[in-house]
**Student:** 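One structure, pasted below without further comment.
Heavy atoms only: backbone and side chains are in, while hydrogens, waters and symmetry mates are out. What you see is a predicted model, and the numbers here were worked out from it, not measured in a lab.
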Amino acid sequence: MRASEGLVILALGIVALGLWGRADHAHRIEDQIAQSAAEVVAGSVHGASTMVSGRDIHLSGLIDGPEELQSLRAALEAVPGRRVVSEEVTVLEVVSPFDLQADKSAEGTLSALGHIPTEALRGELSGALGASAAGLTLAAGAPVGWADLARAGIAGLGPMRSGQMSLSDGALMLRGEVLGPDEAAAVQAALSVLPAGAVQTDLTLLDDGTPAAYTLGYSAAESARLSGKLPPGLDLGAMGTAMGLPLIISDAKQGLLGAAGDAGIFAGLNGLMGQFEAMTLSVSPYGSAEGNSIDGAVTPGADQAALQTALASAMPGFKVSLTAAAISGENGARRVNAATGADQRLMGGYWLDVPQFAVTVPGCQAEVDAVLAGARIEFQSGSDVLDASAVAVVNRLGAYIARCVDEAGLKAEIGGHTDGQGDAAANLGLSQRRAVAVRKELIARGVAPNALKAQGYGDALPIADNATEEGRAQNRRTAVLWSE
C-alpha cells in the first residue's frame, strides 16, 4: 500500500470516529435533559409529563393553576443543555374559597357538591359519596391540609343519623343528629386525627343514653299526663288502651336506646281507674322494679281496702299507697270523668254518675224501684243510723232522684217501713226517723229539700209475711213514691 493511501484511510477513520463521538455525546445530553425534566414535573399535583426531542422540552398534562405552571416553566428553563421549552397543558381554575359540602339524609344516603383538588381524592371519597363524587368540580386553590379535613369530615358523617359537613378552605363544620352517646363518640373519634381546634361540631343526641324513667299523673277531673323519658316502642295509644284511659297527654321524650317498652304492664289498671280521684304512677329506670310506685287518692264511696288488694295482685312490682280523696266544691257541679267518660255530678262530697233514663213519673219510679230492689238501705240494729254499706245505695238513689227533681220538677216521698215485730208505736217512730235520715242524706247530696218528704209507716204496709225471717227482712225497707 502506498503511503498516500494509508494517510487517506487514517483521515477518514479519524473523521468517522469524530462523528460517532459527536452523536454519542448528543444522545447522552438528550438523556440528561429528559431525566432532569422528569424530575422537575415529578412533584406536580396532577402528574404533568415532559417529552424531550433533541434538546427541546415539551410540557403537557393537567396543571394545578397558574402558580404551578409558572413554577414548572422556571424549573424547566433552568435545565442545563436545553434550547426550547414548549407546552400543551390544561390549567385548572383557582377557586376561593375552596369548599365542599356533604349531606347525609335520614335514609343514610350521602351526597356532595363543591370542589375536589385531585382525581385521586375523588376516587378515594367516591366509596362514601357515591355518584355525587363525579359531580365535584376539579379545581386548584385547596389550602394545605384540605384533603385531610375532607376525609375526616366525611368519615364523621358515617355514625350520624343525618347531618351535614361543610368545608370552606381550612374551616370544617359538622352538624346533625346522632342516636346516642356511642355514636357521638364515634363521630369525635373520626375527627380526632385532625389538629385541635380544626373542626367545629354541633351534634344533637336523639337519645341522651340515660335509662327510661317516667311518671303518669292522673286526675279524674282533667286527664292523664305523661312526663319523663319513655322506653323505645312504648306507644301512648297502646298504653291508654291497656289502662282503660281514652286520652293520655304527653310531653315525655321518646327514648330510642335500651329495652323496648311494653304497654301490657299497665293492663292491671284497666277497670280500676274509675275509683281514683287522682293518681301518680311512677316507673323507675326501665327493667328495674325498684322505685315503681302507684300513689292514689281514692274517690269517696270506693272500697279502698278492696282496691289496695286488687292493685297488689294486678300490678306486681309496684309499691301501692292509697289515701282517701278530699272532695270540695258545690253540690250540682258537673264534670266528665277522665277514665270512664261518664257525666258526673257532685253530690254531698261524692262524684256520682248522672244516669240516663226517661225523666217522667213512670220512668223515675221504675229506676228508683230497681235501685232499691238491688240493694236495701241498711241501718244499725234498732237505730236510725245508716250502716256503712248504705252509702253506696244512697249515692245511687240520689243520682236518680236529683235528675227527677231538677229536670221534671217531681216530688218524692221517702217512706220508712219496719217489720211486724215489737211495739207498733215504736216501729212507727223508728220508721219515721229512718225516713228522715234518708231524706237528710239526700239533701246533703244536693237534692232540693222542698221536693222531699219523709213519711214513716211502721209495720202498716208489709209486702211479705212477718212470720218468717225472710219476710220480715223484706218488710224492713225504704221506699220512694213519686208525684208531680
**Student:** Looking only at heavy atoms, which two atoms of Leu59 and Val89 are closest? And how far apart?
**Tutor:** O-CG1, 3.7 Å
**Student:** With side-chain contact (heavy atoms from CB on, under 4.5 Å) as the test, would you mind laying out the steps for His46 and Leu138 before giving the verdict?
**Tutor:** CA-CA 11 Å; His46 302 284; Leu138 188 64; 4.2 Å; yes
**Student:** Write down the atom of Gly123, the atom of Ser126, and the distance for their closest heavy-atom approach.
**Tutor:**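 Here Gly123 and Ser126 meet closest at O-OG, 2.8 Å.
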**Student:** Is the backbone N or O of Ala305 less than 3.5 Å from a side-chain atom of Thr309, with the two atoms forming a donor-acceptor pair by type?
**Tutor:**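 Such a contact is found between Thr309 side chain and Ala305 backbone.
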**Student:** Report the residue from Leu234, Leu236, Leu281 that forms a side-chain contact (heavy atoms from CB on, under 4.5 Å) with Leu226.
**Tutor:**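 Looking at Leu234, Leu236, Leu281, the match for Leu226 under the side-chain contact (heavy atoms from CB on, under 4.5 Å) is Leu236.
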**Student:** Residues in side-chain hydrogen bond (donor to acceptor under 3.5 Å, both in side chains) with Ser71, at least two apart?
**Tutor:**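 For Ser71, no residue satisfies side-chain hydrogen bond (donor to acceptor under 3.5 Å, both in side chains) once neighbours in sequence are set aside.
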**Student:** For Asp387, give me all partners under salt bridge (Lys or Arg N to Asp or Glu O under 4.0 Å), at least two apart in sequence or on another chain.
**Tutor:**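 With neighbours one apart ignored, the set is empty.
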**Student:** Just so I know, are the side chains of Met51 and Ser60 near enough to count as touching, which here means a heavy-atom distance under 4.5 Å?
**Tutor:**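 Of all side-chain heavy-atom pairs linking Ser60 with Met51, none is under 4.5 Å.
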**Student:** Could you give me the CA-CA distance, side-chain angles and deciding distance for Asn292 and Met315, then say whether side-chain contact (heavy atoms from CB on, under 4.5 Å) is met?
**Tutor:** CA-CA 10 Å; Asn292 292 353; Met315 299 297 292; over 6 Å; no
**Student:** Would you mind reporting whether Leu72 and Glu87 have side-chain heavy atoms less than 4.5 Å apart?
**Tutor:** no
**Student:** Does the Thr340 side chain pair with the main chain of Ala342, one donor and one acceptor, at a distance under 3.5 Å?
**Tutor:**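 Yes, because the side chain of Thr340 sits within donor-acceptor range (under 3.5 Å) of the backbone of Ala342.
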**Student:** Pair up each side-chain donor or acceptor in residues 148-155 with any protein partner under 3.5 Å, not counting sequence neighbours, and list the distances.
**Tutor:**
residue : atom : partner : partner atom : Å
Asp148  : OD1  : Arg151  : NH1          : 2.9
Arg151  : NE   : Glu124  : OE1          : 3.2
Arg151  : NE   : Glu124  : OE2          : 2.6
Arg151  : NH2  : Glu124  : OE1          : 3.4

**Student:** Going by salt bridge (Lys or Arg N to Asp or Glu O under 4.0 Å), name the residues that satisfy it together with Arg396, two or more places apart in sequence or in a different chain.
**Tutor:**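 Result, salt bridge (Lys or Arg N to Asp or Glu O under 4.0 Å) vs Arg396: none returned.
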**Student:** Quick one, Val94 and Pro66 - any side-chain contact, counting heavy atoms below 4.5 Å?
**Tutor:**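 In short, these two side chains touch, coming nearer than 4.5 Å.
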**Student:** Do Gln101 and Asp103 get their side chains close enough for a donor-acceptor pair, meaning under 3.5 Å?
**Tutor:** yes
**Student:** Which residues pass the salt bridge (Lys or Arg N to Asp or Glu O under 4.0 Å) test with Glu441, not counting sequence neighbours?
**Tutor:**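 If we apply the salt bridge (Lys or Arg N to Asp or Glu O under 4.0 Å) test to Glu441, skipping adjacent residues, the hits are Arg445.
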**Student:** Just verifying a value: how many Å separate Ile294 CD1 and Ser282 OG, rounded to the nearest 0.5 Å?
**Tutor:**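 So the gap between those two atoms works out to 9.5 Å.
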**Student:** Applying salt bridge (charged side-chain N to carboxylate O under 4.0 Å, His left out), which residue pairs with at least one partner in residues 39-50 are found, sequence neighbours left out?
**Tutor:**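 Listed by first then second residue: nothing to list.
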**Student:** Between the side chain of Ser162 and the main-chain N/O of Ala106, is any donor-acceptor distance below 3.5 Å?
**Tutor:** no
**Student:** Keeping to residues at least two apart or across chains, list the side chain to side chain donor-acceptor pair (under 3.5 Å) pairs with something in residues 321-336.
**Tutor:**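 Qualifying pairs: Glu277-Arg335, Arg334-Asp343, Arg335-Gln344.
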**Student:** Identify the heavy atoms of Gly268 and Ala314 that sit nearest to each other, and give their distance.
**Tutor:**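 So the two residues come closest at O-CB, 3.5 Å.
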**Student:** Any salt bridge (charged side-chain N to carboxylate O under 4.0 Å, His left out) pairs touching residues 210-230, not counting sequence neighbours?
**Tutor:**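 Applying salt bridge (charged side-chain N to carboxylate O under 4.0 Å, His left out) to every pair that reaches into residues 210-230, excluding sequence neighbours, yields Asp207-Lys229, Asp208-Lys229.
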**Student:** If you apply the rule side-chain contact (heavy atoms from CB on, under 4.5 Å), what do you find for Phe318 with Leu311, and how did you get there?
**Tutor:** CA-CA 9 Å; Phe318 281 79; Leu311 289 171; over 6 Å; no
**Student:** How far does CD of Glu367 sit from OG1 of Thr360, to the nearest 0.5 angstrom?
**Tutor:**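 Spacing of CD (Glu367) from OG1 (Thr360) equals 9.5 Å.
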**Student:** Nearest 0.5 Å, what's the CG-CG distance between Asp99 and Leu136?
**Tutor:** 10.0 Å
**Student:** Which pair of heavy atoms, one from Ala128 and one from Leu110, lies closest together, and at what distance?
**Tutor:**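 Scanning both residues, the minimum pair turns out to be O-CB, 3.5 Å.
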**Student:** When rounded to the nearest 0.5 angstrom, what is the spacing between CE in Met347 and CG in Leu352?
**Tutor:** 6.0 Å
**Student:** Could you check if a side-chain atom of Leu386 sits within less than 4.5 angstrom of a side-chain atom of Val391, using non-hydrogen atoms only?
**Tutor:** no
**Student:** Leu121 versus Trp146: any side-chain heavy-atom pair under 4.5 Å?
**Tutor:** yes
**Student:** What distance do Ser44 atom OG and Glu68 atom CD have between them, rounded to the nearest 0.5 Å?
**Tutor:**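 Reported to 0.5 Å precision, the distance equals 5.5 Å.
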**Student:** Roughly how far apart are Leu113 CG and Leu100 CG, rounded to 0.5 Å?
**Tutor:**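 So the CG of Leu113 and the CG of Leu100 are separated by 7.5 Å.
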**Student:** Looking only at heavy atoms, which two atoms of Ala263 and Ala242 are closest? And how far apart?
**Tutor:**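 Taking every non-hydrogen atom into account, O-CB, 3.3 Å.
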**Student:** Look only at the side chain of Tyr218 and the backbone of Ala339, and say whether a donor-acceptor pair between them is shorter than 3.5 Å.
**Tutor:** yes
**Student:** My understanding is that only residues two or more places apart in sequence, or in another chain, count here; which of them pass side-chain hydrogen bond (donor to acceptor under 3.5 Å, both in side chains) with Glu88?
**Tutor:** none
**Student:** Mind listing the side-chain donor-acceptor pairs of residues 243-258 below 3.5 Å, one per line with the distance, residues two or more places apart or on another chain?
**Tutor:**
residue : atom : partner : partner atom : Å
Ser250  : OG   : Ala252  : N            : 3.1
Gln254  : NE2  : Pro231  : O            : 2.7

**Student:** Quick one: closest heavy-atom pair of Pro117 and Asp64, and the distance?
**Tutor:**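 That would be O-OD1, 4.4 Å.
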**Student:** Which atom pairs, donor and acceptor, lie under 3.5 Å between side-chain atoms of residues 167-184 and protein residues at least two apart or in another chain?
**Tutor:**
residue : atom : partner : partner atom : Å
Asp169  : OD1  : Phe98   : N            : 2.7
Glu183  : OE1  : Gly180  : N            : 3.1

**Student:** Using the side chain to side chain donor-acceptor pair (under 3.5 Å) rule, take His115 and Thr137 through it: C-alpha gap first, then chi angles, then the decisive distance, then the call.
**Tutor:** CA-CA 5 Å; His115 301 96; Thr137 302; 5.1 Å; no
**Student:** Stepwise, does the side-chain contact (heavy atoms from CB on, under 4.5 Å) test hold for Leu307 with Asp303?
**Tutor:** CA-CA 6 Å; Leu307 181 59; Asp303 189 331; over 6 Å; no
**Student:** Looking at Glu119, I'd like to know if its CD atom is crowded, meaning that more than 12 non-hydrogen atoms belonging to other residues, nucleotides or ligands lie closer than 6.0 Å.
**Tutor:** yes
**Student:** Which residues satisfy the salt bridge (Lys or Arg N to Asp or Glu O under 4.0 Å) test with Arg403, sequence neighbours excluded?
**Tutor:**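 By the salt bridge (Lys or Arg N to Asp or Glu O under 4.0 Å) rule, Arg403 matches Glu407.
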